[in-house]
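Working notes, beginning with the structure itself.
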2 protein chains.
Amino acid sequence: MLQLRDLPTQEVLQRFAQRYPAADVTAIASFLMLLRVATDLSVALDACLSKHDLLQGRWWVLILLMRETDLTSTPSVLAEKLGVTRATMTGLLDGLEQGGLVQRISVPEDRRSVKIKLTAAGQAKLDAVMPDYYTRLRLCMQGLSEQQRNDLQAILGVIDHGMSAWDFNQSI
Amino acid sequence: MLQLRDLPTQEVLQRFAQRYPAADVTAIASFLMLLRVATDLSVALDACLSKHDLLQGRWWVLILLMRETDLTSTPSVLAEKLGVTRATMTGLLDGLEQGGLVQRISVPEDRRSVKIKLTAAGQAKLDAVMPDYYTRLRLCMQGLSEQQRNDLQAILGVIDHGMSAWDFNQSI
DNA sequence: TTGACATAATTAGCTAGCTAACTATAATGA
DNA sequence: TCATTATAGTTAGCTAGCTAATTATGTCAA
């Protein structure tokens, strides 16, 4: 995503706003900082997972499976929940199956389909990773009050809602 | 980054927190929503730029060049400011130079180095893209009060600062 | 001055995601 | 019924980023 280390100064933003009247300086500053912090978090997460021989994509799949009461799902459902294509999911599952963390089980009722099940090794991997991840995340967020956490979620909700305006205009 | 469409319910979070005592439920929920919204914004930005035959990486380079009063920089400085490797920057500049949006100019004083200059066509490209981008961004953020924009930036600042704790623990 | 090191940019080859095309199976309606 | 369409999963090939190695040039201390 965006790794921009060098956020624009107020002076630069003003200069851009002068050339482009559509600019909303505080909107831009907030947007850039949002992208920057989110990217930094994602990179830090990658670093944490790599110490457990995992990559984000595969790790999210394990988590999605653990959410299911029977530890089971299908490639299409997993792909949709993770927001990747089914082709990508095939690759993620190949890697996980090769590592013994998930198991492909054929489905007699619908022979097109496959069940994906979290194995004991997969659960064990999560049991190793999650405490590490949760601990880091807690430390990282501990400077935020409950009020600020609520505020953050509310603000992000507004932005998320506002994105329909962005998409609407894609027809220009 | 994270495209997780399916954020965990409170019930799922509680279940995970029971298994993993290190879990801080509101921290996790805030974190996931932050990654999700940021990713959605980044994807929307990609869609906007692609209509102008641009990709994020190349576009950020153009912006970094426009920030300079002489519209000029070097590959290393651009790479550092954008947070990519110099190898990646070489590729970005190749694409931009081929499209005539930037120009490589040799530097007699230090023959290892190259100056990169935004061309008139590059400036024209920005003049076409930026109003579109700024307009979408404004619409997207218009639901946020000035107070909320300030809150957001303050909160992100706290998280960014908290990430030193994350990194500190990487030595585990 | 010259050998060791540092720096700027590039090239080569890897990876994880993508799209598009394909195979196999299931569902549907004239 | 059976031709059409939809669905599940996979494969093949593309892209943008990465790391590591390479080339060329500059710097500095013995």
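Note on naming: letters A, B, ... go to the chains in the order of the sequence lines (proteins, then strands), and numbering restarts at 1 for each one. The figures here come from the full heavy-atom set of this structure, side chains too, leaving out hydrogens, waters and symmetry mates.
A:L82 has its CG atom 14 Å from the P atom of C:dA16, to the nearest Å. For A:K81 and D:dA8, the NZ to C1' distance is 17 Å, given to the nearest whole Å. Computed from coordinates, the B:L93 CG to C:dA8 P distance equals 15 Å when rounded to whole Å. Here D:dT10 presents its C1' atom at 16 Å from CD of A:Q98, a figure rounded to the nearest Å. If you take CG of B:L55 and P of D:dA16, they are 5 Å apart, rounded to a whole angstrom. Regarding A:D46, its CG atom lies at a distance of 13 Å from the C1' atom of C:dG17, rounded to whole Å. Note: CG (A:L49) to P (C:dT15) measures 18 Å, nearest angstrom. Taking atom CZ on A:R58 and atom C1' on C:dT15, their separation rounds to 10 Å, with Å as the unit.
Using a 4.0 Å heavy-atom cutoff across all strands shown, A:T88 reaches at least one base atom of the nucleic acid. Residue contacts shown for B:R86 include a base, since a base heavy atom lies under 4.0 Å away.
In this structure, A:W59 and A:Y133 have perpendicular ring planes: the angle between them is above 60°, well past the 30° mark.
In this structure, the nucleotide among C:dT25, D:dA12, D:dG26 sitting nearest to the side chain of A:A87 is D:dA12. You'll find that the side chain of A:D94 is closest to D:dT11, out of D:dG26, D:dT11, C:dG17. You'll find that the side chain of A:T85 is closest to C:dC18, out of C:dA26, C:dC18, C:dT7. For B:L92, counting side-chain heavy atoms from C-beta on, the closest listed nucleotide (D:dG17, D:dA20, D:dA16) is D:dG17.
Ionic pairing of B:R149 and A:D24 is present here: one or more N-O contacts between side-chain nitrogen and carboxylate oxygen are shorter than 4.0 angstrom. At a threshold of 4.0 Å, the pair B:D40-B:R5 counts as salt-bridged, since one of the basic side-chain nitrogens sits closer than that to a carboxylate oxygen. The residues A:D94 and A:R104 are annotated as salt-bridged, a charged nitrogen and a carboxylate oxygen being separated by less than 4.0 angstrom.
Taking 3.5 Å as the limit, the base of D:dT7 and the side chain of A:R112 contain a donor-acceptor pair of atoms between them.
Nearest-nucleotide mapping onto DNA chain C: of A:G83 and B:G91, the residue sitting toward the 5' end is B:G91. Nearest-nucleotide assignment on DNA chain C puts the 5′-proximal partner with B:M89, out of A:Q56 and B:M89.
Looking at A:C140 and A:L41, their side chains come closer than 4.5 Å, going by heavy atoms from C-beta outward.
A:R104 has a side-chain polar atom (N or O) that falls below the 4.0 Å cut-off from OP1 or OP2 of D:dT10. Applying the 4.0 Å criterion to OP1 and OP2 of D:dT10, one finds that A:T90 has a side-chain N or O inside that range.
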